[in-house]
Amino acid sequence: MNTLIAKSKPASSALALAKVSNGPSWLGLAGALICVAWLLLALVGPWLAPHPVGEVVSDNVFDGFSLAHPFGTDYLGRDMLSRVMVGARFTVGLALVAAVLASTLGTLCALVSVVSPKWLDEIISRIMDAFISIPSKMLALIMVSAFGSSVTLLICTAVISYIPGSFRVARSMAVNIEALEYVQVARTRGERRLYVACREILPNILNPVLTDLGLRFGYIVLLLAGMSFLGLGVQPPDADLGSLVRENIGGLSQGALAIVIPALAIGTLTIGVNLLIDYLSSRRSRRTGGH
Amino acid sequence: MNSTTLWLIGRRLGAAVVTLLIVSMVVFAITAVLPGDAAQQALGQFATPEQVAALRLKLGLDQPGVLRYLHWLMSLLTGDLGMSVSSAMPVSELMGGRVPNTLMLAATTALVSVPVALLLGIGSAMARGGRIDNILSFVTLAMVAVPEFLVATLAVLIFAVNLGWLSSLSYASDISSPWEFMRTYALPVMTLCCVIVAQMARMTRAAVIDQLDSPYVEMARLKGVGPIRIVLRHALPNAIGPIANAIALSLSYLLGGVVIVETIFNYPGIASLMVDAVTNRDMALVQACTMLFCTAYLSLVLIADLCAILSNPRLRNQ
Amino acid sequence: MTDNKNTPELISGAESLRVFEGLNRGMSRRNALQMLGVAGVAAAGAGSLFGAAGKLWADDAPVAGKGKPGGKIRVASVASSTADTLDPAKGGLSTDYVRQYMFYNGLTRFDVHMVPQLELAERIDNTDATLWTITLRKEVTFHNGKPLTAADVVYSLNRHKDPAIGSKVMALVAQFEEIKASGPNEVQIRLGAPNAELPSILAVSHLLIVPEGTTDFSQGIGTGPFKVKEFKPGVRSVAVRNPNYWKPGLPYLDEIEVIAISDEPSRVNALLSGDVHAINQVDPRSTTRIKASAGHQYVDSPSGNYTNLIIRQDQMPGKSPEFTQAMKCLLDREQVKSAVFRGFAVVGNDHPIAPGSRYYNADLPQTVYDPEKARFLLKKAGMESITMPLAASPAATSSVDIAVLLQQSAKQAGLKLDVNRLPSDGYWSNHWMKHPLSFGNINPRPNADVMFSQFFQSKAPWNESGWQNEQFDQLLLLARAETDEAKRGKMYADMQTLVHDHCGIGVPVFISNIDGVDQRLKGYSTHPLGGFMGYMFAEQVWLDA
């Protein structure tokens, strides 16, 4: 293969991207708008909610649209609009923090292990493998029983569950880059390991890492719903969006708003975040030309 | 090259044994720390302290934890997985009934999902920024965003309850014809595909795009190589590492993480067995399930790494 | 409450509640002598409790030939795991009970009015409610061909006393001082103290009869209407008709497969898609779906099952009687009934006896939701505007929802409750009764005596709120030995008053069991003991395809 040219010329990529440049921009804009909207809702939602989140406001469950309750009512007859507004904060906050932490730590470990001596690489990799094999239910239960239930703990559990995956993905790419000539050159130049990791490798794996982050965000939103079942995390009457879907699953057959709305909310949030990430990473690659 | 590959496999096998040992110790430590033990769980809500003590004695739970662990480890070395305390059956028997089910479901799902994911990922990478890419991106993202239990329940509602085409339960032993097989496996496989296709397709797309941006592809393009040939001959081989890793992660999920699908479709597989085992504090069974899952995961990851190495000549020589 | 369209043979929910109440009340006069009350009979010395073989079995038993023989069905229960067992002593879930009633019989059996009827026992006599003689039915054989003898009964009852067996009714059997065979077909039980209610204790599923010496229960050898064809814990069981069953003409079905689907929407979907014929524990919200389906119906039976608030009396703040009283005033029972159970429940009055059951004290004033009174009481106790954690768990049916409603009501009185949702895993061993405020869930018990002895006696291991009341304890012992039905009723009424006034237990509602059934399945009815006709449907139903 004729791939031995040093990876360092921005001009060529611009050519490759020229036909793309008008593609993702409006999608990226839409993604950015969705994200901003959700962030705003997460910030002010709980204050705007028309009803207390736990109050039963109607005798009818799984109600449809009405002026009093635009999003209908849930399985106990509570106002869905209020529940979604309050739930947004938990979902956006928790998932964002957990996803960013998991990806950052995972990528960091990957970088460290790639530029480290073989033995350290080996140890880190084995520990990650061991982590991924521990049943998540056990992890959640041990967390609850050992430390009680709190939002911090919920984030920790989500992060621990997702670091190994993020590590795997980042490491597999970092290994490829590390073997490239220019990295080898930098090494022989006597650059420090940290420099090699941050300046030479990281920029070249950032795009897939960001993609991975976007996906992880989506998975963590859904993971929260499962965790709440094990008693970990957001305590009633509050509920995150995933839990809202889950607790109202009984309304699925009648197409109740109580399940449609939170499902849509998760959908827009996940899609928005990923569109934004796609946009950012394509802009990034345009700016840096891949390296 | 062959010898380095063999050396790598050998070293990995050695490392795998160490990893399994670590995992077994961690799992054991966790079971020991978890509140409640097998005796309490078996007796349930209305246990008397006297009964708990007697049952502990009977199940050998009165011995120190380390001793029990060593005992378990010793019998494992002789190939004995031990007895499940919750069902009083040998662990091997319980597992034996379920492993084929899990493998069957995982294999079927993999056969469907991997080609679909690769096709979607490569397709949208090639059409990057275009309408097809946008639509595909949107669809795969939507699939990530829908909770698994919602997909499964909705699918059952439509295809089993309303249309009556497919079965809402997937009990694995009563299958006699390909049609039956379709009927029982269609819904769980579809649900699982929704969950894992997105991840694999997105990662494939990202990895391929990464290569398409690289100078050598540019060179090839300038030389007038066709787009399909560029992707298949130049970009893909270099993107195999990350793609294989994403696939390995997704497939390992199929082996140990499909508890929701197993519950909803009443499919007796390993994932729900593992959850049962944790609930019942059934140490030997938890260990066996975890070991199995860990082994499967390590093998998948090894295969992924081998793919990466074989596809990248520079790694081969390290 | 319901309209079970085109199902004339089925009792509707409202109607069954009425029948249930009426019959139970009436029963105390009419059937008392014959059944449980012992009044008069025991007073006369050694008398026959059950008129000699007068009735062969319960009056709800079908006449042979009423149903149609043949057919296979599949039923889905709620929970199943590797801990599934065919050992009656260890049964703990509806799945276990359903299976066990297919493969075994008891000495007696509850009819739909919770009155024990003779089953494997042909006759039960007693002296002073202390020495009981049970004559066994002859020519009953186990599935393996072995005839039923007194030794089997002695073994089946005695094994519960061994703590290592892990029996769920060890506490109940502790009063059996001596169990011996007094003849090839006669068993004598000597109780430590008089207990007129022994026949109803013998009807619990844990005391089903197994062959002498059984230690491996996976074969399910019993005298029951079905035999084990396949039993895989956590997966499924298949039962086939026992052709030599001792009740002529029964059972009707050829084969019953039992599985479990823990997810409620999936269970309902499996029913509606025709993959299973019957399910239990239907969410009240799913009843509209089942009603809307042409081939299906739901069956709801009021029961004695309740989820209760526990206010520990041995620690603050429950130590203060005002606080305890305030908490009871803060339970909005009507709201719990309508919002959580959609009306499929009966309002409770802070004691464990359900309206309509025998000995129910109807004269006791109903505790009602009164935030103002609660605020006043809290102020009096000096506990205005305190914050308390409230432990709830999916393990205790609907307790998380009840807790959220209580939290809202408590706000009205200035009390702040932090709901702490705990995992069902390990809830009973680590949290239940261990917090100042928590929730429990109690399934129906065979009779009032068992209920009070197990959960309210001062020294009872499951005295949930840890209350101590000497007067109550004395009444309990007196009532157990009392042979005069009227006096006994008065004592139980007084005990309910004591529990209602002083115990740290809030019982918001009694929860109805809702089953979903394929309309081709006939002979299906309600039972206060639990879903699936008190887990005993197998013998009674037939398929009219």
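A, B, ... follow the sequence lines: proteins, then strands. Residue 1 opens every chain. Reckoned from all heavy atoms, side chains included, excluding hydrogens, waters and symmetry mates.
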Please state whether the side chain, the backbone, both or neither of B:V286 comes within less than 4.5 Å of a heavy atom of chain A.
side chain
Taking side chain as everything from C-beta outward and backbone as N, CA, C, O, which of these in B:V26 sits under 4.5 Å from a heavy atom of chain A? Side chain, backbone, both or neither.
side chain
Contacting region of B:D305 [heavy-atom separation from chain A under 4.5 Å]
side chain
Is it true that the side chains of A:Y162 and A:D212 contain a donor and an acceptor less than 3.5 Å apart?
no
Using a cut-off of under 4.5 Å on heavy-atom pairs, state which of B:A16, B:A206, B:A198, B:P242 scores highest against chain A.
B:P242
Check the side chains of B:Q211 and B:Y216 for a donor-acceptor pair under 3.5 angstrom, ignoring hydrogens and angles.
yes
Please flag which part of B:V146 lies under 4.5 Å from any non-hydrogen atom of chain A: side chain, backbone, both or neither.
backbone
Looking only at heavy atoms and a cut-off of under 4.5 Å, which of B:T290, B:V259, B:T295 has the most pairs with chain A?
B:T290
At a heavy-atom distance under 4.5 Å, which candidate from A:T270, A:T211, A:L215 has the highest pair count against chain B?
A:L215
With a 4.0 Å cut-off on N to O distance, would you call A:R187 and A:E200 a salt bridge?
no
What residue in A:R126, A:M173, A:R168 has the most heavy-atom pairs under 4.5 Å with chain B?
A:R168
For chain A, which candidate among B:I22, B:L154, B:V161 shows the most heavy-atom pairs at distances under 4.5 Å?
B:L154
Go through the atoms of B:I209 and report whether side chain, backbone, both or neither lie under 4.5 Å from a heavy atom of chain A.
neither
Are B:E148 and B:I264 side-chain neighbours, meaning at least one heavy-atom pair lies under 4.5 Å?
no
Which of B:L120, B:D133, B:I243 passes side chain to side chain contact (heavy atoms under 4.5 Å, CB included) with B:R205? Answer is B:D133
Quick one: what part of A:V245 sits under 4.5 Å from any heavy atom of chain B, side chain, backbone, both or neither?
both
Contact origin within B:T31 toward chain A - heavy atom pairs under 4.5 Å:
both
At a heavy-atom separation under 4.5 Å, does A:I249 approach chain B through its side chain, its backbone, both, or neither?
side chain
Given that the side chain runs from C-beta out, which part of B:T153 has a heavy atom under 4.5 Å from chain A: side chain, backbone, both or neither?
both
Is a side-chain donor-acceptor pair under 3.5 Å present for A:S243 with A:D240?
yes
Side chain to side chain donor-acceptor pair (under 3.5 Å) between A:N204 and A:Y182, worked out
CA-CA 12 Å; A:N204 282 296; A:Y182 71 97; 2.6 Å; yes
Between B:N245, B:N162, B:V23, who has the most heavy-atom pairs with chain A when the cutoff is under 4.5 Å?
B:N245
Reported CZ-to-CZ distance for the pair B:F149 and A:R246, which is rounded to 0.5 angstrom
5.0 Å
Portion of B:R131 that has a non-hydrogen atom of chain A nearer than 4.5 angstrom
neither
Which answer fits B:I30, side chain, backbone, both or neither, if we ask what part of it has an atom under 4.5 Å from a heavy atom of chain A?
both
Hey, is B:R202 close enough to A:D278 for a salt bridge, meaning N to O under 4.0 Å?
yes
Distance-only polar pair, side chains of A:T91 and A:W38, donor-acceptor under 3.5 Å
no
Whatever's closer than 4.5 Å to a heavy atom in chain B on A:I259 counts as side chain
Can you confirm whether B:I132 is buried at CD1, in the sense that more than 12 heavy atoms of other residues, nucleotides or ligands lie under 6.0 Å from that atom?
no
